[in-house]
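Reading through the structure tokens given below for one structure.
So you know, we letter chains A, B, ... as the sequences are listed, proteins then strands, and number each from 1.
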Protein chains: 2
Amino acid sequence: MLSKRVKYAIKTLLFLYENGDGKPISAKIISENEKIPYKFLENILRELRQNKILKSVRGAEGGYKFLKDPNEITVAEIIRIVDGPIALIPCVSFYFYEKCEDCTDEISCKIRKLFVQLRNEMLPILNKSITDLEKL
Amino acid sequence: MLSKRVKYAIKTLLFLYENGDGKPISAKIISENEKIPYKFLENILRELRQNKILKSVRGAEGGYKFLKDPNEITVAEIIRIVDGPIALIPCVSFYFYEKCEDCTDEISCKIRKLFVQLRNEMLPILNKSITDLEKL
DNA sequence: TACTATTCCTACCAAATTAATATGATATAA
DNA sequence: TTATATCATATTAATTTGGTAGGAATAGTA
């Protein structure tokens, strides 16, 4: 399962996409509209900014807007930033690979083969962008 | 990500399938061959027995063997028993459905639509059986 | 200048989950 | 009777999750 952070992050990006008209949108507005706990949302927004998905404007009338083109922000990317791997087992992950301690031969491992297949099926769906998502 | 329990459970079932010739196989043998901590494995085996995947034979020369036909034991089923939902968000799960607190309209939710799609792509792969898996 | 609305930062915290371990009772083949 | 097993319950240490607290820094506006 994904964490709430990821779901909140995606909701936030969708909200910004649907309501962003040039002016930045404050965490308070997002929090109230999407029912995300304010302080928790701040953390998530910081993470998105640090990863160059969003940019922030400080001070009164400040808030957040896209830094990266929403057309190029994928759900997979958000999951990787917020939660980590897409793959269901670590030895199958591209970005967060880890060797299985108990595994003697990774190449012949039947379980690995299955989860490679699974990841390969999952990726095209998760590679949809925020703008794709809005059209669903 | 899946838990180690799930991976150990699948490994255990594959081992039983590949080495089961009528006689039960002990937890000790499985533990040593698959490098699964013995006591941890005992817990997993109990769970599989309680869910009618395996049956046990007590006493010396005892051990575990299939109760359910390995042809009909799917990876999805094992995940559900050991970890819970297949779906990546709770509002999309068949067997472990939970409403999102922050969601106003589940039907129109774009995020939900995406993860319904994802689950629908994942299921056929995870519905493979232990015998299918062995053939990979 | 003072006020207010905002982001930014570090740290903290409670509850749940994960990955085991410990201890010992019970059953059975040889 | 002994060795080999399963069976059952409880405990535990580490990590993750889902937040919260408090305040500093920044900037628009009266």
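Residues of residues 74-90 of chain B that place a heavy atom closer than 4.0 Å to DNA chain D do not occur. For the contact set between residues 2-21 of chain A and DNA chain D, defined by any heavy atom under 4.0 Å, the members are A:Ser3, A:Lys4, A:Tyr8.
The distance between atom NZ of A:Lys55 and atom C1' of C:dC8, rounded to the nearest whole Å, is 18 Å. The CZ-P distance, from A:Phe96 to D:dT16, rounds to 13 Å in whole Å. One interatomic measurement links the two molecules: NZ of A:Lys65 to C1' of C:dT7, which rounds to 15 Å at whole-angstrom precision. Distance CZ (B:Phe40) to P (D:dT9): 18 Å, rounded to an integer number of Å. With rounding to whole Å, A:Arg46 atom CZ is found 14 Å from D:dT20 atom C1'. Between the P atom of C:dT17 and the CD atom of B:Glu47 lies a distance of 14 Å, rounded to the nearest Å. Rounded to an integer number of Å, the gap from CD1 of B:Ile44 to C1' of C:dT21 is 14 Å. Whole-Å rounding puts the A:Tyr64 OH to C:dT6 C1' distance at 9 Å.
Rounding to the nearest 0.5 Å gives a distance of 8.5 Å between CD1 of B:Ile130 and OG1 of B:Thr74. Rounding to the nearest 0.5 Å gives a distance of 11.0 Å between CD1 of B:Ile78 and CD1 of B:Ile44. In this structure, CG on B:Leu41 lies 7.5 Å from OH on B:Tyr64, to the nearest 0.5 angstrom.
With a 4.5 Å cut-off on side-chain heavy atoms, A:Leu16 and A:Ile30 count as touching.
Distances shorter than 4.0 Å separate none of the side-chain N or O atoms of B:Tyr38 from OP1 or OP2 on C:dA22. Between D:dC7 and B:Ser56, a contact under 4.0 Å exists linking OP1 or OP2 to a side-chain N or O. Distances shorter than 4.0 Å separate some side-chain N or O of B:Arg49 from OP1 or OP2 on D:dC7.
Heavy-atom nearest nucleotides on DNA chain D were determined for B:Gly63 and for A:Asn43, and the one closer to the 5' end corresponds to B:Gly63.
Checked for salt-bridge contact, B:Glu61 and B:Lys23 miss the test: no charged N lies under 4.0 Å from a carboxylate O. Between B:Asp102 and A:Lys4 there is no salt bridge, since no side-chain N of the basic residue sits under 4.0 Å from a carboxylate O of the acidic one.
Applying the salt bridge (Lys or Arg N to Asp or Glu O under 4.0 Å) test to every pair with at least one member in residues 106-120 of chain B, sequence neighbours left out, gives these pairs: A:Glu18-B:Lys110, A:Glu134-B:Lys110, B:Glu106-B:Arg112. Pairs engaging residues 43-55 of chain A under the side-chain hydrogen bond (donor to acceptor under 3.5 Å, both in side chains) rule: A:Arg5-A:Glu47 [sequence neighbours left out].
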Item to complete: Please step through salt bridge (Lys or Arg N to Asp or Glu O under 4.0 Å) for the pair B:Glu42 and B:Lys39, ending with a clear verdict.
Response: CA-CA 5 Å; B:Glu42 271 196 330; B:Lys39 278 297 191 181; 3.1 Å; yes
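Heavy-atom minimum distance, B:Ser129 versus B:Pro70: CB-O, 3.6 Å.
Heavy atoms from other residues, nucleotides or ligands lying under 6.0 Å from CZ of A:Phe94 number 12 at most.
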Worksheet item: Using a cut-off of 4.0 Å between protein heavy atoms and nucleotide atoms, how would you tag nucleotides 22-30 of chain D 5' to 3' with B, S and -?
Response: BB-BBBS--
Pair up each side-chain donor or acceptor in residues 121-128 of chain B with any protein partner under 3.5 Å, not counting sequence neighbours, and list the distances.
{"unit_1": "B:Asn127", "atom_1": "ND2", "unit_2": "B:Leu123", "atom_2": "O", "d": "3.4"}
{"unit_1": "B:Lys128", "atom_1": "NZ", "unit_2": "A:Gln117", "atom_2": "OE1", "d": "2.6"}

